[in-house]
Every structure is written in C-alpha cells, then in structure tokens.
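Please read all numbers here as calculations on a predicted model, not as lab measurements. Counting starts at 1 for both ligands and their atoms, in listed order.
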Amino acid sequence: MRVRFAPSPTGYLHIGGLRTALYNWLLARKSGGVFILRIEDTDRSRFVGDAEQDIVDSLQWAGLDVDEGPQTGSYRQSERTDLYDAALTRLLDAGRAYVAFDTPAEIEEMRVRLATDANPNPRYDWSTRSHMKNSLTLSANEVAARISGGEPYVIRLRVEPGSDVVFTDLVRGEVSFRTDEVDDQILRKSDGLPTYHLANVVDDHDMQISHVVRGEEWLSSTPKHVLLYDAFGWDVPHMAHLPLILSPTGGKLSKRNAERQGIPVFVKEYRAAGYEPEALLNYLALLGWHPPGEQEIFSLQGLTDAFSLDRVGQSGVQFDKDKLAWFNGQHLRGMTPEAIAGGQMEALRAAYGDVSQDRAVEAATLMHERMAFASDLVAFDYLFRAPETWDEAAVKKRWKDDSPGLVTAYREALAALPDWTAESLESCLRSTAEQHGAGAGRLIHPVRLAVSGVSHGPGLFDLLVYLGRDATCERLQTAVRALA
Ligand code: GLU
C-alpha cells in the first residue's frame with residue numbers, strides 16, 4: 001500500500017487535513033506500506049510561504065511520520081514540472097488534449113452566445129469546442145504562429161461524449177457518470193503550470209500510489225481524473241472519499257463558520273491550547289470511522305491495529321469541541337504523571353523558577369484526575385508557591401469569625417503531629433474541630449482557602465501531604481494574619 005497526503009500550501013494545516021493525513025498514515029502503518037507527503041504547490045496565486053513548514057511541523061507534532069516527502073526527494077509539484085510537460089506532450093501527440101487560445105472574456109461571451117433552452121449554461125466541452133479558438137478549429141500553422149508569437153494559451157483534455165465511466169469508491173461504492181457531463185478541463189494553465197487535476201494524476205501514477213484517500217470535496221474531481229488515467233492508458237488507483245466534517249450547526253465546517261462558533265480549525269491552535277496529539281488524533285479518527293466494538297479511547301498504536309476503510313461511513317460527521325476536550329481528559333488519565341510533568345518542565349520553570357522534576361511529578365500525581373490539559377499543571381500556582389491573595393468570594397463565604405482561632409489551633413496541633421500522612425492530618429483536623437465544638441467543615445474550608453487561596457482543588461489532606469509540614473504551617477499562619 002502506497003498512500004499519500006497531498007496538501008496544497010495555501011494555508012496552515014487544518015483539522016480536516018490532519019484527519020485525511022491520519023487515515024492515510026494508519027493505512028500505511030497497518031499494512032507495512034509507505035506514507036508519502038506531497039506538496040501540491042502549483043497554484044501560485046494562493047501560495048502561502050510558511051504553510052509547508054506548518055504542515056511538516058504539525059504532522060511531526062501529531063506523530064505522523066513521513067516515509068517519502070520534500071525531506072527525502074522531489075515531492076513538491078513545483079519541482080516536477082518536466083514530468084507534467086512530458087505528460088502533456090504525450091496527450092497532445094495522441095490527440096487526447098488540445099491547445100486553446102480563448103481569453104476569459106471570450107469564454108464568458110461564448111456562455112451567452114451558445115446558451116440554448118436545453119443547455120442554458122454551456123461549458124467548454126465537446127458541444128462548444130468547435131466554436132472556439134483552439135487547435136481543433138485552427139490550422140496547425142496558425143497554432144504554431146500564435147504560440148511562437150507569445151499568445152497565452154492553455155491545454156485542455158479532450159473529453160468525448162457518449163460513454164459511461166464507472167469507478168468503485170471504497171467508501172461510497174460504485175460511482176458512475178456520463179462523459180457528456182464532463183467539461184474539457186484545463187490541464188496546463190496560461191502561466192505554464194499544470195492544474196491540480198493533471199499534476200495530481202501524473203504524480204499519483206509516478207509515485208505508484210495504490211490508494212487515493214481524500215476528502216469528499218474531491219469526489220467531483222474524480223471523474224476528470226479517471227478520464228485522465230484513461231487518456232494516459234494508466235490504471236486508476238483505488239479511491240476512497242472521506243465524509244465531510246460538519247459544523248455543530250450543520251453545513252461544512254468552514255474556517256469562517258468554525259470561527260464564528262469559537263472552534264479553532266488549525267492544528268497549530270490545538271497544539272498551542274495544550275491538546276495531547278494522541279487525543280486529537282483519536283477524536284479525528286472517530287470523525288468518519290466507526291470502531292468495531294464499544295471502545296472509543298485509542299492510542300495511535302490501537303488505532304493502527306483497529307482501523308480499516310470498510311468502517312468509514314459516507315455521511316458527514318459533526319465536529320464537537322466538548323467531546324474533543326473529553327477525549328483529551330481521557331488521554332491525560334492514561335498518561336503517567338512522569339509523562340505529564342515531563343512535558344511541562346519548561347513552562348513550570350519559566351513560571352516558578354527552580355522546580356525539580358520530582359516535585360513536578362508529585363504535583364501531577366496530585367492533580368491527575370482534575371486536569372483537562374497537561375498545561376493545567378502550570379495554572380495551579382499554589383502547588384509551586386504560597387498564595388499572596390485569597391479569592392474574595394471564597395473568603396466571604398468560608399472565612400468566618402471563628403476561622404482564625406480554629407485554623408491557629410489546627411496549625412499548633414499540626415506542628416506537633418508525629419507523622420505527616422493524609423490519615424493523621426484528617427484525624428487531627430476532626431479532633432481539633434471537636435475540641436472547639438465545631439463541625440469539621442468549619443475547619444476544612446478555611447484551611448483549604450488559607451493554603452491555596454481558592455475554594456476548590458484536590459483532596460485537602462493529600463494537598464497538605466504534598467505541601468509538607470513547614471509550608472502548610474507557614475501558609476496557615478500567613479493567611480490568619482492577612483485575612484484578619
Ligand atoms: N491538493 C489537494 C488538497 O489540497 C489534494 C487533493 C487530493 O488528495 O487529491 O487537498
């Protein structure tokens with residue numbers, strides 16, 4: 001199996017592109033095949049300079065390693081124009097393509113001139129080409145003269161009417177179309193560069209692609225590609241078109257409607273927001289593919305083992321940001337505290353100065369169940385430094401007249417506590433409260449507030465164990481003074 005991900009560098013890699021890359025990569029890895037990255041950069045008007053780098057970086061971040069690509073050889077279409085020129089010459093020589101000189105204005109004018117009731121929107125095709133300025137209507141001498149005179153021209157595929165073309169899409173089944181309905185597509189633009197259709201087909205053939213797996217938006221191009229394969233006398237690769245990713249409010253998840261709903265579309269945005277790459281891939285895998293059993297949470301290896309094209313559905317699937325966040329949490333739970341802390345050391349040190357690896361692992365262990373993102377670890381500042389402010393609403397609600405006395409009594413009892421475990425800290429708290437004729441809650445809430453500055457967090461006694469005796473007692477004392 002040789003598969004390719006063939007993005008156009010017209011923008012940063014978006015999540016739909018990452019899903020296409022993922023499906024291709026899974027097929028390659030599952031079958032021991034080859035995953036190719038091809039940069040389809042023939043559209044110079046939409047070219048974005050740093051898009052290719054973003055695509056490469058994003059795939060690498062996601063863990064989708066590339067076997068063949070711009071890093072290993074000529075896999076940018078702009079570097080392969082000789083191949084397309086040779087292919088065009090072949091088609092021209094075989095009479096399967098022709099040169100056309102019509103300007104955009106002339107084509108516009110034709111649409112009006114040749115419109116009939118039966119064909120209100122004529123295209124440049126078998127029914128109109130004989131009325132146009134091309135190498136089928138002009139003499140060979142005139143064609144040669146116009147070209148050598150520098151007149152701009154395109155090369156079109158000559159599509160003859162009257163036959164049915166059928167191909168089997170691995171997701172959609174048999175797809176058939178009449179050649180009458182296919183226009184004489186442009187293969188080479190007037191800037192000399194090939195169009196997407198030509199370069200795509202020539203490359204898929206040249207790179208010996210066995211399976212073309214791409215988004216549904218390319219399904220309508222496939223008839224043109226099949227006709228091109230036929231014109232060259234090449235075998236058509238297996239085709240699979242993946243269902244559209246839909247916006248939560250319906251319709252294709254375009255950049256614009258995603259933005260309106262606060263859904264990031266670029267992979268780099270998910271990366272910056274702290275998503276685990278495996279969680280994002282797991283979620284994207286399920287946008288279109290139905291796993292064989294009940295299991296929903298997959299590692300990348302698990303996906304590789306379970307994935308198959310025959311469980312990819314046809315109908316569009318809605319993107320759900322909350323579900324993705326849930327997947328992220330699930331993946332975090334499956335990670336070790338060492339792995340979570342390891343990825344945050346740089347951020348922790350930037351925020352809090354000297355934080356040891358061991359300390360970060362202890363913090364990650366304490367907060368493991370409470371984190372939505374690994375980067376949350378950095379946001380729990382009270383784990384790494386004493387609070388200097390205490391949440392006002394929490395103080396109002398939790399810091400009562402008897403709090404200073406109770407907290408001070410607890411602090412004094414803690415100072416003398418023989419061992420520092422969650423159990424001993426808890427029984428000490430309960431007995432202190434009892435001695436003062438108060439319920440345990442009268443002490444639990446103020447103590448939490450005092451040591452953390454906020455009213456929620458991990459189990460209080462686990463937190464105190466983590467902080468240790470000195471820090472706990474110090475923080476209790478500081479809070480009593482500060483909140484007086
Ligand atoms: N260059 C096209 C894109 O940007 C490739 C489509 C295909 O895979 O054939 O998605």
Review point. Identify the closest protein heavy atom to atom 8 (O) of ligand 1: which residue and atom is it, and at what distance?
Key: Arg4 NH1, 2.7 Å
Review point. Considering only the protein, which heavy-atom contact is closest to atom 5 (C) of ligand 1, and what is its distance?
Key: Ala6 O, 3.1 Å
Review point. Is the shortest distance from a Lys or Arg side-chain nitrogen in Asp204 or Arg4 to a carboxylate oxygen in the other one below 4.0 Å?
Key: yes
Check your understanding: So is Phe5 in contact with ligand 1, going by heavy-atom distances below 4.0 Å?
Key -> no
Exercise for review: Indicate yes or no: does Asp203 engage Arg80 in a salt bridge with an N to O separation below 4.0 Å.
Suggested key: yes
Review point. Ion pair present between Arg111 and Glu108, side-chain N to carboxylate O less than 4.0 angstrom?
Key: yes
Study note, to complete from the structure: Per-atom filter on ligand 1: closer than 4.0 angstrom to a heavy atom of Asn200 are 7 (C), 9 (O)
Review point. Relative to Phe101, does Lys133 satisfy both conditions: NZ or CZ under 6.0 angstrom from the six-membered ring centre, and within 45 degrees of the ring's axis?
Key: no
Check your understanding: Which atom pair, heavy atoms only, marks the closest approach of Gln344 to Val378?
Key -> OE1-CG2, 3.7 Å
Check your understanding: For ligand 1, which atoms, with element, lie under 4.0 Å from some heavy atom of Arg214?
Key -> 7 (C), 8 (O), 9 (O)
Point to revise | Shortest protein contact, atom 3 (C) of ligand 1 (heavy atom only) | key: Trp218 CZ2, 3.4 Å
Point to revise | Element-labelled atoms of ligand 1 that are located less than 4.0 Å from some non-hydrogen atom of Ser8 | key: 1 (N), 2 (C), 3 (C), 4 (O)
Check your understanding: Of Phe380, Phe327, Tyr275, which is the lone residue that meets ring pair (Phe, Tyr, Trp, His ring centres under 6.0 Å) with Phe373?
Key -> Tyr275
Point to revise | Glu217 touching ligand 1 at heavy-atom level, < 4.0 angstrom | key: no
Practice item. Report the C-alpha separation of Asp67 and Arg29 in whole Å, then their side-chain angles, then the decisive distance to 0.1 Å, and conclude whether the salt bridge (Lys or Arg N to Asp or Glu O under 4.0 Å) test is met. Key: CA-CA 10 Å; Asp67 301 315; Arg29 292 295 168 265; 3.0 Å; yes
Revision key, fill the gap. Counting from 1 in the order shown, the ligand 1 atoms closer than 4.0 Å to a non-hydrogen atom of Glu40 are 1 (N), 2 (C), 5 (C)
